[in-house]
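To keep things clear, I will list the structure first and then write my remarks on it.
Chain letters run A, B, ... following the sequence lines, proteins first, then strands; residues in each count from 1.
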Number of protein chains: 2
Amino acid sequence: MDNIEMIKDAMPVDEEIYDLAELFKMLCDATRVKILYSILDSEMSVSDITEIVGSTQSAVSHQLRVLKQARLVKYRKVGKSVLYSVSDEHVATILSMGMEHISE
Amino acid sequence: MDNIEMIKDAMPVDEEIYDLAELFKMLCDATRVKILYSILDSEMSVSDITEIVGSTQSAVSHQLRVLKQARLVKYRKVGKSVLYSVSDEHVATILSMGMEHISE
DNA sequence: AATACATATGAACAGATATTCATATGTTCA
DNA sequence: TGAACATATGAATATCTGTTCATATGTATT
């Protein structure tokens, strides 16, 4: 078996590749990264996130929806507010891996 | 100091955020992810990568340029060929962190 | 019930991005 | 030198993406 075939065999299947790319797609926008940093350690309301991120309420809400669909964030309603937080600790790990890479 | 201010202070500066998003942007396209997997362990020529990835020579070359600009891959010329490989082991780490996340 | 507040959402738009096609550049070998 | 091969590149295009604006939905308070 030649080298090319070996690499082909080791390659994740297409579905995994797409899912992986999809995950990173969530992290490739500065607004979304800021949102995730905002809610990494403690849950935050949309208006607080908006204030922290320095964007508009609408833009933040749209992006939260995207993150929600990707299951990267979870939320609970409290009165008029909705509190968001990251859905699992992998998010923090991936972000800090990335940070480690760029700060060389 | 309230919670919002604390989070704001812990937030990476904009430049870091953008660089981080930029890094993940390199990984948010299936073709680029496949290319990186192709050259994770051993260097490969453009035509071999093209064959492994199952795309066109032109598309692969364009994407290699993008990855090159982001310093995620390095290359050396050997005869008519150009052999590409990943520029550092962080790439593999980030990819496998991502894989770990999606395979839950 | 009326008002104010918090969040979500749809449409529209501008900018970014990946691919394709055609072709240029560069290298080897006869 | 000319032919064949390998890679790079520019232009064009179609698609995708993030923001904005306007407004809808939902909740609490009076």
Side-chain angles (χ1 to χ4, degrees), chain A residues 2-4 14 17-39 43-85, chain B residues 2-4 14 17-39 43-85:
Chain A
D2 67 7
N3 205 9
I4 294 188
D14 272 9
I17 295 282
Y18 288 125
D19 288 350
L20 188 56
E22 209 62 28
L23 166 64
F24 290 125
K25 197 170 286 178
M26 293 302 108
L27 308 175
C28 79
D29 173 73
T31 301
R32 281 195 294 271
V33 172
K34 281 189 189 179
I35 289 174
L36 289 172
Y37 267 108
S38 305
I39 60 178
E43 55 186 5
M44 283 278 162
S45 71
V46 176
S47 54
D48 284 354
I49 297 170
T50 300
E51 150 94 28
I52 294 168
V53 167
S55 183
T56 66
Q57 183 271 320
S58 182
V60 168
S61 186
H62 277 297
Q63 295 302 349
L64 281 170
R65 188 159 71 99
V66 172
L67 291 168
K68 198 192 302 175
Q69 283 169 345
R71 298 177 197 277
L72 289 186
V73 303
K74 61 186 181 207
Y75 65 97
R76 65 190 181 98
K77 301 187 180 187
V78 175
K80 285 181 291 190
S81 297
V82 180
L83 303 182
Y84 282 87
S85 54
Chain B
D2 66 9
N3 204 9
I4 294 188
D14 273 8
I17 296 283
Y18 289 125
D19 288 351
L20 188 57
E22 209 60 30
L23 166 64
F24 291 125
K25 195 170 289 177
M26 293 303 106
L27 308 175
C28 80
D29 173 74
T31 301
R32 282 194 294 271
V33 172
K34 282 189 188 178
I35 290 175
L36 289 172
Y37 267 107
S38 306
I39 59 178
E43 56 186 7
M44 284 278 163
S45 71
V46 177
S47 53
D48 284 354
I49 297 170
T50 300
E51 150 94 27
I52 294 168
V53 167
S55 182
T56 66
Q57 182 272 322
S58 181
V60 168
S61 186
H62 278 296
Q63 294 302 348
L64 281 169
R65 188 160 71 101
V66 171
L67 291 168
K68 198 192 302 176
Q69 284 168 343
R71 297 177 197 279
L72 289 186
V73 303
K74 61 187 182 208
Y75 65 98
R76 65 189 183 98
K77 301 189 180 186
V78 175
K80 286 180 290 188
S81 299
V82 180
L83 304 181
Y84 282 85
S85 53

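Where Val78(A) and Val46(B) meet DNA chain D, the nucleotide closest to each residue was compared, and Val46(B) sits on the side nearer the 5' end.
Going from atom CZ of Phe24(B) over to atom C1' of dG18(D) covers 19 Å, rounded to whole Å. At whole-Å resolution of the value, CE in Met44(A) and P in dA6(C) are 15 Å apart. Between the P atom of dT29(D) and the NZ atom of Lys80(A) lies a distance of 7 Å, rounded to the nearest Å. If you measure from atom CG of Leu27(A) to atom P of dT17(D), you get 14 Å, rounded to the nearest angstrom. When rounded to the nearest whole Å, the span between NZ of Lys77(A) and C1' of dC5(C) equals 15 Å. Regarding Leu64(B), its CG atom lies at a distance of 13 Å from the C1' atom of dT9(D), rounded to whole Å.
Residue Val73(A) comes nearest to Leu64(A) through the heavy atom pair CG2-O, 4.1 Å, listed as atom of the first residue, atom of the second, then distance. Across every non-hydrogen atom of Ile17(A) and Ala30(B), the tightest pair is CG2-O, 3.7 Å. Closest heavy-atom contact between Ala21(B) and Val33(A): CB-CG2, 4.4 Å.
Under the side chain to side chain contact (heavy atoms under 4.5 Å, CB included) rule, Leu67(A) has a single partner from Leu36(A), Ile39(A), Leu27(A), which is Leu36(A).
OP1 and OP2 of dT9(C) both lie 4.0 Å or more from every side-chain N or O belonging to Ser61(A).
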Protein within reach of the bases, or only the backbone? For nucleotides 18-24 of chain C, mark each nucleotide 5' to 3' as B, S or -, using heavy atoms under 4.0 Å. SSBBB--

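Among the heavy atoms of the strands lying under 4.0 Å from Tyr84(A) are primed sugar atoms or P, OP1, OP2 only; no base atom is included. If you check every strand for non-hydrogen atoms under 4.0 Å, Ser81(A) touches sugar and phosphate atoms only.
Counting only heavy atoms from C-beta outward, the side chains of Tyr84(A) and Val60(A) never approach each other to under 4.5 Å.
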Go through Ser58(A) and Thr56(A) one step at a time and tell me if the side chain to side chain donor-acceptor pair (under 3.5 Å) criterion holds. CA-CA 5 Å; Ser58(A) 182; Thr56(A) 66; 5.2 Å; no

